[in-house]
Peer 1: 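The structure that follows is given in the form of structure tokens.
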Amino acid sequence: MNYWLMKAEPDDVGIDDLMRLPAQTVGWYGVRNYQARNFMRDDMAMGDLALFYHSGCAVPGIAGIVEICSAPYPDPTQFDPENKYFDPKSTPEVPRWQQVDVKFVRKTRFIPLSELRNLPALGSMRLLQRGNRLSITPVSEQEWHILEGLF
DNA sequence: GCCAACGTTGGC
DNA sequence: GCCAACGTTGGC
């Protein structure tokens, strides 16, 4: 079982939106980075837990927990010319981008990025590394347990 | 809106 | 395979 951190833009789908969705589940569409894709494709498994992180907003931070609830499958937005995530180089025969479904588990106390940065014990978190831009990053078991203590 | 950091593209 | 140019991310 692995732990993850997944960035969402609350203007698009925030934790409160996820709570209100049918089955409280959403396909994690729109990943267009190979490293992040490979995490989903190769290293995630159903039952893995992920921190649901709000980014691209006034106060970024951890907002909740979700569970990976599907195997990876092709991201449908890559085939839709009207969609902003359309990829003309991808085909249904050889899809380039994958997604997984995630299911709402719980909200946490909102933990701002600034608070995470002030915790020396989390210094090695991938999210906090200089220049990190990955929308999906692994979280170690040790880091996960430290974070659980903050919720 | 700025800009540092990083990823991708494409000519050579 | 190199690397300059360009595009994107994302915090501030």
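Residue numbers begin at 1 in each chain, while the letters A, B, ... track the order of the sequences.
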Peer 1: What is the separation between atom CG on A/Asn38 and atom P on B/dG7, rounded to the nearest whole Å?
Peer 2: 13 Å
Peer 1: Tell me: CG of A/Leu113 to C1' of C/dC12, nearest whole Å?
Peer 2: 11 Å
Peer 1: Would you say the side-chain atoms of A/Trp97 and A/Asp87 include a donor-acceptor pair closer than 3.5 Å?
Peer 2: yes
Peer 1: What integer distance in Å separates A/Trp97:CH2 from C/dT8:C1'?
Peer 2: 12 Å
Peer 1: Starting the side chain at C-beta, find the nucleotide from B/dG7, B/dA5, C/dG10 nearest to A/Ser135.
Peer 2: C/dG10
Peer 1: Could you tell me how far apart A/Lys89 (NZ) and B/dG7 (C1') are, to the nearest whole angstrom?
Peer 2: 13 Å
Peer 1: Is there a side-chain contact between A/Met6 and A/Val102 (heavy atoms, below 4.5 Å)?
Peer 2: yes
Peer 1: Taking only the side-chain heavy atoms of A/Arg96 (C-beta and beyond), determine which of B/dT9, B/dT8, B/dG7 contains the nearest atom.
Peer 2: B/dT9
Peer 1: Is it true that A/Arg96 and A/Asp75 have a side-chain N and a carboxylate O under 4.0 angstrom from each other?
Peer 2: no
Peer 1: Scan A/Arg32 against the nucleic acid and name what it touches under 4.0 Å (heavy atoms): base, sugar-phosphate only, or nothing.
Peer 2: nothing
Peer 1: Report the nucleotide, chosen from C/dG10, C/dC12, B/dT8, that has the shortest atom-to-atom distance to any side-chain atom of A/Tyr34.
Peer 2: B/dT8
Peer 1: Phosphate oxygens OP1/OP2 of C/dT8: is one of them under 4.0 Å from a side-chain N or O of A/Lys84?
Peer 2: no
Peer 1: Between C/dG10 and A/Lys7, is there an OP1 or OP2 to side-chain N/O distance shorter than 4.0 Å?
Peer 2: yes
Peer 1: Could you tell me whether A/Arg106 and A/Glu67 have a side-chain N and a carboxylate O separated by less than 4.0 Å?
Peer 2: no
Peer 1: Please report, rounded to the nearest Å, how far the C1' atom of C/dT9 is from the CD1 atom of A/Ile136.
Peer 2: 15 Å
Peer 1: Which whole-number value in Å describes the distance from A/Asn33 CG to B/dT8 C1'?
Peer 2: 10 Å
Peer 1: Whole angstrom is fine here: how far is it from CD in A/Gln129 over to P in B/dC6?
Peer 2: 11 Å
Peer 1: For C/dT8, does OP1 or OP2 lie under 4.0 Å from any side-chain N or O of A/Arg133?
Peer 2: no
Peer 1: CG of A/Leu134 versus C1' of B/dA5: gap in Å, rounded?
Peer 2: 12 Å
Peer 1: Among A/Thr108, A/Val105, A/Val66, whose side chain to side chain contact (heavy atoms under 4.5 Å, CB included) with A/Phe52 holds?
Peer 2: A/Val66
